[in-house]
Amino acid sequence: MLRKKVCLVGYGSTEYSRKSDRPLLSYYAEAMQNAMAQTGLTKKEIHGFSMVTQASPDYSPYVAEQLGLELDWVLNGDCGGAGAVCAIRRAADAIEAGYLDVAFIVAGNAFDKNVAHQRVLEYQRANYVDVYGYGGPNTLFALVQRRHMEEYGTTLEQIGKIAVSQRFNAGPNPQALLRTPMTIEDYLNSRLISDPIRLFDCVMPCSGGECVVVASEERAKQITDKPIYLVTDAEKIGFQASNMLPDKTVTGMSVVGEHLFSEMSRDNIDLLAIYDDYPIAVMMQLEDLGYCAKGQGGPFVDDHDLTFAGDFPVNTGGGEISVGQAGLAGGMLHVVEALRQLRGEAGDRQVSAAQTALVTGIGWLSYARNLNTTAALILERRS
Amino acid sequence: MAGKSLPAVNSIDREFWEGAAKGELRLQKCRACGKMQFFPRIACTDCLGGDLEWVPVSGKGKVHTFSLCRVPRNRAFMDEVPIYVAEVELEEGVRMVTRIVGDDRDQVTLGAPVTVTFMETEDPDIKLPVFELVA
Ligand SMILES: [Zn+2]
């Protein structure tokens with residue numbers, strides 16, 4: 001479905017750090033302050049608020065009380081790495097229905113020892129996976145990647161090209177924690193973590209925060225001269241959930257892509273912000289979105305330049321594997337990068353004449369499958 | 001120091017762990033529609049029916065995928081790395097996350113036939129179903 005009158009009107013980012021012991025709430029507050037400064041919105045004008053979180057006690061009403069927010073609409077974003085995209089979708093629904101005009105969507109992470117931010121380890125992971133000594137998502141993605149490599153002949157060089165291109169993209173991004181150039185040899189020689197996943201496949205946990213502001217078209221025109229329109233969006237949750245012999249190399253993004261590209265041709269997209277906890281996840285999403293046939297992600301990557309200056313720009317700010325993953329702000333980061341590009345605020349990594357962007361989110365690794373949550377949206381600058 | 005991870009046995013999966021302790025691999029089967037499933041759940045993933053029975057299965061299957069885990073999430077497992085974490089497809093049409101064990105585990109390939117065995121843990125009442133290559 002096409003969205004009618006929903007815009008993204010601004011964003012706020014914080015610095016990222018691997019060492020900071022700043023409290024988590026301070027990242028939320030700073031990201032919101034930066035978004036308020038960019039949009040000129042005052043606290044009283046924030047009528048809707050969503051925390052994208054998997055950690056107790058950071059639920060939306062609790063954070064709202066901490067930050068002194070009076071609200072007409074709250075939402076707990078609960079789809080993991082797809083949570084940012086899903087929260088934007090829910091806010092858009094409320095805006096279209098007339099219940100909401102401006103919502104701040106916030107996520108972040110901190111190594112904050114003062115508050116017990118407890119992530120829920122779902123019981124199937126605890127009872128039937130962790131007992132074997134698995135390596136968390138590194139192992140779960142390794143199980144997927146080996147299938148992809150064996151079934152389709154995908155090579156480490158092809159998967160590594162995604163990591164190398166994204167590191168190049170991070171070069172001009174001051175927010176990125178990993179900016180030094182990386183070669184394919186660096187990638188191939190990096191330490192094995194859970195074969196065939198190696199160090200430079202793995203996203204780096206860090207502290208930081210992100211905020212995105214969603215508004216009705218009417219309010220958007222008052223707030224900014226650069227409103228970015230939400231064109232269309234879709235999600236698939238629980239793909240293959242009842243199949244005991246699931247195809248590990250196909251994700252719910254295959255369904256999401258069908259919805260999105262029934263509204264706009266995939267060839268009209270100028271840049272892609274693809275959730276990248278691992279390069280293999282990027283490759284599988286490109287396949288599932290229909291940019292190439294299933295299993296042809298390797299040759300597709302060979303044939304295209306994925307850098308911000310290339311013919312097929314992917315993760316133009318370096319993605320999570322270069323910037324760092326500040327918890328569920330990892331999903332927000334992709335939205336914010338798309339906004340920077342479409343608003344012409346991406347500095348030395350600006351994609352020229354960028355008018356449309358695709359943003360994806362993926363999350364909640366499911367037992368013996370791949371992604372439990374997949375969601376995506378298309379954004380467009382309209383003059 | 002915390003030990004190696006153990007299952008928190010609950011009312012849903014008690015029969016699975018009791019079977020494993022006796023050297024028997026069991027799967028849930030829906031009495032209404034016949035669906036077999038793993039991991040253990042409160043209801044059938046096809047019909048949502050709650051009338052599930054535990055049935056012993058062959059323990060025979062083949063390797064669907066595997067990874068050599070060198071950095072376990074729970075560092076108490078470090079003395080065992082690399083750990084051959086795998087997904088095994090059972091003859092009954094259900095996949096399990098498990099481990100490949102045995103002196104020849106470095107010979108594992110996708111599609112290799114395997115058979116179940118049961119591994120001792122730090123809890124004398126808990127044994128883990130793991131798999132070894134069929135010679
Ligand atoms: Zn049933």
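Each chain gets a letter, A, B and so on, in the order the sequences are listed, and its residues count up from 1. It should be emphasised that the depicted structure is a prediction, and the values quoted were computed from it without experimental measurement.
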Just by modelled atom types, is the Gly363(A) backbone N or O under 3.5 Å from a matching donor or acceptor in the Thr373(A) side chain?
-> yes
Is a salt bridge present between Lys29(B) and Glu53(B), judged by a nitrogen-to-oxygen distance below 4.0 Å?
-> no
Side chain from CB out, backbone as N, CA, C, O: work out which of these in Thr121(B) comes under 4.5 Å of a heavy atom of chain A, or both, or neither.
-> neither
Counting heavy-atom pairs under 4.5 Å with chain B, the top scorer among Ile197(A), Ile193(A), Asn243(A), Val129(A) is Ile193(A)
Quick one: do the Thr249(A) and Tyr152(A) side chains pair a donor with an acceptor below 3.5 Å?
-> yes
Of the backbone (N, CA, C, O) and the side chain (C-beta and beyond), which part of Gln37(B) lies under 4.5 Å from a heavy atom of chain A, both, or neither?
-> both
Between Asp276(A) and Gln166(A), do the side chains contain an N or O donor and an N or O acceptor separated by less than 3.5 Å?
-> yes
Heavy-atom contact with chain A under 4.5 Å, split by part of Ile12(B) | side chain
Could you tell me which portion of Tyr367(A) (side chain, backbone, both or neither) has an atom closer than 4.5 angstrom to a non-hydrogen atom of chain B?
-> side chain
Face-on cation placement of Arg14(B) at Phe16(B) ring, 6.0 Å and 45° thresholds = no
Measure distances from Met36(B) to the heavy atoms of chain A and classify the residue's part below 4.5 Å as side chain, backbone, both or neither.
-> backbone
Choice from Ser67(B), Pro72(B), Cys44(B), Ala8(B) maximising heavy atom contacts with chain A below 4.5 Å = Ser67(B)
So, Glu132(B) versus Thr117(B): side-chain donor-acceptor pair below 3.5 Å or not?
-> no
Pro129(B) versus chain A, heavy atoms under 4.5 Å apart: side chain, backbone, both or neither?
-> both
Heavy-atom pairs under 4.5 Å with chain A, option from Asp46(B), Asp13(B), Asn74(B) with the top count | Asp13(B)
Go through the side-chain N and O atoms of Arg167(A) and Tyr187(A) and say whether any donor and acceptor fall under 3.5 Å apart.
-> no
In terms of heavy-atom pairs under 4.5 Å, which option from Thr98(B), Val85(B), Val94(B) contacts chain A the most?
-> Thr98(B)
Answer with yes or no whether the side chains of Asp302(A) and Gln158(A) bring together a donor and an acceptor at under 3.5 Å.
-> yes
Which bit of Pro137(A) comes within less than 4.5 Å of chain B, counting heavy atoms only: side chain, backbone, both or neither?
-> neither
Among the options Val9(B), Val71(B), Leu6(B), pick out the one with the most heavy-atom pairs lying under 4.5 Å from chain A.
-> Val71(B)
Using a cut-off of under 4.5 Å for heavy-atom pairs, which of Arg70(B), Glu80(B), Met78(B), Lys35(B) has the most such pairs with chain A?
-> Arg70(B)
Can you find a side-chain donor-acceptor pair between Tyr123(A) and Asn10(B) that sits under 3.5 Å?
-> no
Which portion of Leu68(B) sits near chain A, non-hydrogen atoms under 4.5 angstrom = both
